[in-house]
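Heads up: numbering here begins at 1 and tracks the sequence.
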Amino acid sequence: MRFLLRNFHVFVFVSLSASIAFWVASHSDQAVEVAQPLVEDAVELHVMAENALREIGQLDLEKAADEAISYYVATLRMPSLLFERLSDELGEVSETMEKRGQSGPFPQIATPAAKDRPVPVGTGPSRYWRTGEDRHAKLSI
């Protein structure tokens with residue numbers, strides 16, 4: 001009895017895994033319908049993460065450190081000057097973001113899916129956001 005109670009979590013995991021496997025085997029169309037949005041979102045997150053890592057790799061840390069020191073010195077001299085410089089920087093950032101928004105949502109760096117793979121590589125916002133569909137409308141648990 002002690003062995004059963006000590007390893008109860010293993011039995012729960014095995015029974016849950018087996019029941020999910022049987023459900024997927026008997027309802028393969030519904031399983032694909034449930035899993036496809038998750039896979040599309042995972043591919044989108046992968047592309048966005050690669051883009052973010054590429055942009056982080058292009059950062060100049062010495063320039064960022066010099067800028068932080070200049071902000072600190074400016075704040076010590078005149079605290080209101082900090083807010084003026086920050087508003088100028090935020091204005092430049094918003095202009096840059098507007099320019100990027102006009103050129104396209106996200107650059108695609110991953111290769112498109114092969115014809116034998118049913119999952120396309122999506123770029124930009126999720127199809128649920130674009131179409132206004134409810135993501136969980138088709139799920140019935």
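- When atom types are taken as modelled, the side chain of S28 and the backbone of A25 share no donor-acceptor pair closer than 3.5 angstrom.
- Annotation for E62: atom CD does not count as buried by contact number, only 12 or fewer foreign heavy atoms lying within 6.0 Å.
- One hydrophobic cluster, built from ILVMFWY side chains closer than 4.5 Å, holds both L16 and W23.
- Atoms CG and CD, on L53 and E55 in that order, are 10.5 Å from each other to the nearest 0.5 Å.
- A donor-acceptor pair under 3.5 Å is formed between the side chain of S87 and the backbone N or O of E84.
- Put simply, OG on S94 and CD on E89 are 11.0 Å apart, with the number rounded to the nearest 0.5 Å.
- Remark: L5 CG to F11 CZ distance equals 10.0 Å, nearest 0.5 Å.
- Using a 4.5 Å cut-off between side-chain heavy atoms of Ile, Leu, Val, Met, Phe, Trp and Tyr, V73 falls into a hydrophobic cluster with I69.
- The side-chain heavy atoms of S17 and F13, taken from C-beta on, include a pair separated by under 4.5 Å.
- Neither I20 nor V12 shares a network with the other; the hydrophobic side chains, linked directly or stepwise wherever heavy atoms of I, L, V, M, F, W or Y lie under 4.5 Å apart, form separate groups for each.
- Looking at F22 and H27, their side chains never come closer than 4.5 Å, going by heavy atoms from C-beta outward.
- Here CG of D60 is found 10.5 Å from CD of E67. Values are rounded to the nearest 0.5 Å.
- A distance of 12.0 Å separates CD in E40 from CG in L45, rounded to the nearest 0.5 Å.
- In this structure, Y72 belongs to a hydrophobic cluster whose other members, linked by side-chain heavy atoms under 4.5 Å apart, are L76.
- Annotation: the span from T75 atom OG1 to L86 atom CG amounts to 7.5 Å, rounded to 0.5 Å.
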